[in-house]
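Single-structure report; data block below.
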Amino acid sequence: MSTPFPFTAVVGQDDLRLALLLNAVSPAVGGVLVRGEKGTAKSTAVRALSALLPAVDVVSGCRFSCDPAAPDPACPDGPHEGGAFESRAARMVELPVGASEDRLVGALDIERALAEGVKAFEPGLLADAHRGILYVDEVNLLHDHLVDLLLDAAAMGASYVEREGVSVRHAARFLLVGTMNPEEGELRPQLLDRFGLTVEVAASREPDQRVEVVRRRLAYDDDPAGFAARWADDEATVRQRIVAARQLLPSVRLGDGALRQIAATCAAFEVDGMRADIVMARTATALAAWAGRTDVLAEDVRQAALLALPHRRRRNPFDAPGLDEDKLDETLEEFGGSDGSDGDDDPDPDDNGPGGGGGRPAPEDGGPEGGDTAARPEAGDGGEPQPSGAGAGEQSPVRAAEPFRTKVLSVPGLGEGAAGRRSRARTEHGRTTGARRPRGTLTKLHLAATVQAAAPHQRARGRSGPGLVVRRDDLRQATREGREGNLVLFVVDASGSMAARQRMSAVKGAVLSLLLDAYQRRDKVGLVTFRGASGEVALPPTSSVDAAAARLESLPTGGRTPLAAGLLKAHEVLRVERLRDPARRALVVVVTDGRATGGPDPVALASRAAGLFAAEGTASVVVDCESGPVRLGLAGRVADDLGGTAVTLDELRADSIAGLVRDAQGARKIQRRAA
């Protein structure tokens with residue numbers, strides 16, 4: 001077994017270390033979601049935490065890690081009254097991004113069912129993680145249905161399995177930790193809310209601290225055991241402090257004043273539901289216990305708010321997470337209690353032990369406190385690259401109009417791409433639609449079809465016992481239908497004609513609305529723009545819809561309309577993406593008024609470029625941005641050349657007429673408006 005990097009040797013990352021320690025003290029806090037750029041010790045810190053957790057006593061032979069002092073009366077391996085027990089280290093179980101539902105929650109033991117004719121449950125990772133840590137790296141890339149199962153178990157403290165004739169309930173209480181890089185896509189807001197705490201991490205911008213990070217990492221790589229030995233005393237100190245805080249936790253008093261501050265803070269920041277209040281209360285209590293106190297102070301409430309609220313106050317997927325600390329301080333001061341929890345007599349931070357005020361870990365050597373959370377440019381603050389090739393008459397970017405709920409755009413046919421929520425597809429998860437002989441490795445057994453195939457041959461195979469005699473030719477693969485995520489490639493006209501009559505604000509609002517829809521349906525998105533003399537890739541295909549929204553916000557307009565160049569650039573993007581991910585189907589959304597100018601015969605060039613998409617059967621939609629009393633219907637002709645459908649901005653709304661995208665063969669009906 002490899003030696004983990006010591007938790008106390010992690011440089012900086014104070015909020016991350018504090019959030020993990022609070023969950024170690026009180027698993028009821030609800031876990032931690034760690035958001036941050038790559039290479040910021042997210043996974044290192046989580047894996048290091050497992051070595052600090054106290055050993056656990058478990059019933060001998062119990063696959064569900066029952067506590068001998070209070071065994072689960074409903075344990076599938078029970079009853080455990082008076083049984084032998086053993087002590088072992090707390091487990092850290094990693095959930096791979098590509099794990100199956102069976103591997104997560106457990107399933108019928110197929111081997112015993114077929115060979116012995118008995119129903120037996122084979123536990124999954126949720127059972128393995130009971131009373132330990134369940135770690136999901138890149139949780140934002142985990143399939144939605146697995147995230148739902150995972151967070152339901154975390155919230156209820158139990159896993160319920162009802163499938164394939166098996167009905168099992170077992171305890172599943174664990175410290176849930178997820179890490180993610182926001183550049184690769186976000187979690188849905190309702191799933192963000194299920195994590196107790198969230199922490200934003202970034203690499204330090206302080207040279208001294210970066211030097212210390214490199215120095216420690218190199219020393220660890222050269223001699224892991226020796227490096228860990230040098231930090232053994234610090235590790236033991238933190239381990240003992242966790243044990244002491246756990247013992248103190250039941251004695252911590254959460255007074256009415258602190259409760260009022262918690263409730264007022266959640267109300268002031270307009271968080272949805274009551275989960276935030278409960279998590280803040282548990283976090284503040286854990287902070288007091290970690291600091292060695294039995295009373296919750298205002299500083300505990302403040303720190304709890306900074307950890308528990310930023311991801312809950314986001315109003316839409318493109319709002320940056322964060323908390324207005326001035327507003328937080330004003331709220332705490334206004335609703336300060338008089339029972340000792342209002343923080344008027346703040347204790348000396350040094351009196352709270354090694355953790356400092358509010359239980360925050362002391363900064364490590366090698367840099368100033370907080371050096372790892374240097375400010376980064378926010379979307380829209382000028383940090384985004386600007387499109388090049390501006391033509392004459394370029395206008396400054398305009399803000400997008402208010403987004404709205406759009407019609408569902410989908411790719412016709414049945415795909416086999418990554419799981420998502422847009423188009424119909426054959427998937428590993430979803431409703432079972434039939435069975436077939438497996439092609440290659442069997443991944444999902446269709447039990448009924450397998451039994452049906454084997455049943456007629458039992459006498460000929462000499463069956464004499466209760467078990468079913470099954471051969472490889474009898475096995476049947478379940479075929480399932482669900483939804484896939486697509487590549488939604490936006491091709492946006494940013495020419496001067498689009499800027500006329502202040503249309504660009506409405507156009508950006510429509511594209512932003514479609515981006516919101518893509519976010520909810522777990523799509524990849526890309527952005528191609530065209531203006532002046534060429535088309536350019538403003539954003540290569542990515543899972544970060546936030547990045548696309550930021551590029552859209554800073555998009556200027558002006559110049560001629562090189563429609564052909566924009567379509568050719570989009571075609572090239574799709575060609576490259578098909579090589580990278582052949583199974584992911586594309587939906588091209590062209591946002592234009594249909595005008596084509598610049599160069600010799602621009603209309604004919606645009607028609608030929610559009611024909612490339614039609615020849616390949618690429619699903620497409622043209623959002624017709626033409627307005628005014630006189631309309632030329634040019635966008636409809638572009639849609640006809642693409643083999644797709646044209647829809648106006650008004651018809652894009654979900655409450656407008658139905659039927660936007662039809663099968664590629666039948667999607668020739670174009671809505672034209674008379675001049």
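The basis for the numbers below is simple: all heavy atoms, side chains too, and nothing from hydrogens, waters or symmetry mates. We number each residue from 1, following the sequence as shown.
A donor-acceptor pair under 3.5 Å is absent between the side-chain atoms of Asn140 and the main chain of Met180, judged by distance alone. Side-chain N or O atoms of Lys42 include none that pairs as donor or acceptor with a backbone N or O of Asn181 at under 3.5 Å. Put simply, the side chain of Arg275 never gets that close to the backbone of Arg312: no donor and acceptor are under 3.5 Å apart. A donor-acceptor pair under 3.5 Å is formed between the side chain of Thr331 and the backbone N or O of Lys327. For the pair Arg173 (side chain) and His130 (backbone), a donor-acceptor distance under 3.5 Å is absent. In terms of modelled atom types and a separation under 3.5 Å, the side chain of Arg522 and the main chain of Gly420 share no donor-acceptor contact. Between the side chain of Thr283 and the backbone N or O of Ala304, no donor-acceptor pair lies under 3.5 Å. One N or O on the side chain of Arg239 and one on the backbone of Ala51 form a donor-acceptor pair closer than 3.5 Å. At least one donor-acceptor pair closer than 3.5 Å links the side chain of Arg210 to the backbone N or O of Ser204. Looking at Ser50, its side chain does come within 3.5 Å of a backbone N or O of Arg47 through a donor-acceptor pair.
Taking the side chain to side chain donor-acceptor pair (under 3.5 Å) definition, one finds that Arg282 meets it with nothing, sequence neighbours left out. Not counting sequence neighbours, the partners of Arg584 by the side-chain contact (heavy atoms from CB on, under 4.5 Å) test are Ala418, Leu487, Lys524, Asp581. Residues meeting the salt bridge (Lys or Arg N to Asp or Glu O under 4.0 Å) test with Arg88, sequence neighbours left out: none. With sequence neighbours excluded, no residue forms a salt bridge (Lys or Arg N to Asp or Glu O under 4.0 Å) with Arg246. Take Arg483 and apply the salt bridge (Lys or Arg N to Asp or Glu O under 4.0 Å) test, not counting sequence neighbours, and it matches no residue. For Tyr135, the ring-ring contact (aromatic ring centres under 6.0 Å, His included) criterion is met by no residue, not counting sequence neighbours.
By the 4.5 Å heavy-atom criterion applied to side chains, Asp300 and Arg293 are counted as neighbours. Side-chain contact check for Val528 versus Val492: every heavy-atom pair is 4.5 Å or farther apart. For the pair Asp14/Leu18, no side-chain contact is recorded, criterion being any heavy-atom separation below 4.5 Å from C-beta on. The side-chain heavy atoms of Leu125 and Asp128, taken from C-beta on, include a pair separated by under 4.5 Å. Phe195 places none of its side-chain heavy atoms less than 4.5 Å from the side chain of Val177. Contact annotation: the side chain of Ser65 never approaches that of Val56 to less than 4.5 Å [non-hydrogen atoms, C-beta and beyond]. Residues Leu307 and Leu22 meet the side-chain proximity criterion, which asks for heavy atoms closer than 4.5 Å. Residues Leu514 and Val488 fail the side-chain proximity criterion, which asks for heavy atoms closer than 4.5 Å.
Between Ala219 and Phe227, the shortest heavy-atom contact is CB-CD1, 3.8 Å. Contact detail for Ala99 and Leu146: the closest heavy-atom pair is O-CD1, 3.1 Å. Annotation for Val252 and Ala288: closest pair CG1-CB, 3.9 Å, computed over non-hydrogen atoms. Heavy-atom minimum distance, Pro4 versus Tyr220: C-OH, 3.7 Å. What you find for Pro403 and Leu516 is that their closest heavy atoms are CB-CD1, 3.6 Å. Summarising the geometry of Thr40 relative to Ala203, their closest heavy-atom pair is CG2-N, 3.4 Å, with the distance given to 0.1 Å.
Screening Leu306, Val296, Leu287 against Val301 for a side-chain contact (heavy atoms from CB on, under 4.5 Å) leaves a single residue, Val296.
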Between Phe174 and Val93, is a side chain to side chain contact (heavy atoms under 4.5 Å, CB included) present by the stated rule, with each step listed? CA-CA 10 Å; Phe174 45 80; Val93 177; over 6 Å; no

Stepwise side chain to side chain contact (heavy atoms under 4.5 Å, CB included) test for Val139 and Leu33: CA-CA 9 Å; Val139 65; Leu33 176 65; 3.7 Å; yes

Applying side chain to side chain contact (heavy atoms under 4.5 Å, CB included) to Thr198 and Val32, what does each step give before you reach the verdict? CA-CA 5 Å; Thr198 189; Val32 186; over 6 Å; no

Evaluation steps, side chain to side chain contact (heavy atoms under 4.5 Å, CB included), between Phe404 and Thr406: CA-CA 6 Å; Phe404 52 85; Thr406 67; 3.8 Å; yes

Might you work through the salt bridge (Lys or Arg N to Asp or Glu O under 4.0 Å) test for Arg421 and Asp523, ending with a clear yes or no? CA-CA 8 Å; Arg421 297 188 166 191; Asp523 295 314; over 6 Å; no

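Remark: Asp517 engages Arg422 in a salt bridge, criterion side-chain N to carboxylate O under 4.0 Å. Salt bridge present: Arg585 and Glu484 bring a charged side-chain N and a carboxylate O closer than 4.0 Å. Using a 4.0 Å cut-off between a side-chain N of Lys or Arg and a carboxylate O of Asp or Glu, Arg580 and Glu577 qualify as a salt bridge.
Thr8 and Glu235 are linked by a side-chain donor-acceptor pair at a separation below 3.5 angstrom, with hydrogens and angles left out of the test. When only modelled atom types and interatomic distance are considered, Gln13 and Asp15 share no side-chain donor-acceptor pair under 3.5 Å.
Here CG of Leu150 is found 7.0 Å from CG of Leu142. Values are rounded to the nearest 0.5 Å. The CG atom of Leu52 sits 10.0 Å away from atom CG of Leu20, with the distance rounded to the nearest 0.5 Å. Here CG of Asn486 is found 3.5 Å from OG of Ser423. Values are rounded to the nearest 0.5 Å. Note that OG1 of Thr265 and CD of Glu330 are 11.5 Å apart. Values are rounded to the nearest 0.5 Å. Taken from CG in Leu527 to CG in Leu555, the straight-line distance is 7.0 Å, to the nearest 0.5 Å. Taking CG of Leu197 as the reference point, atom CG of Leu16 lies at 11.0 Å (rounded to 0.5 Å).
The 12-atom threshold is exceeded at CG of Asp222, counting heavy atoms of other residues, nucleotides or ligands nearer than 6.0 Å.
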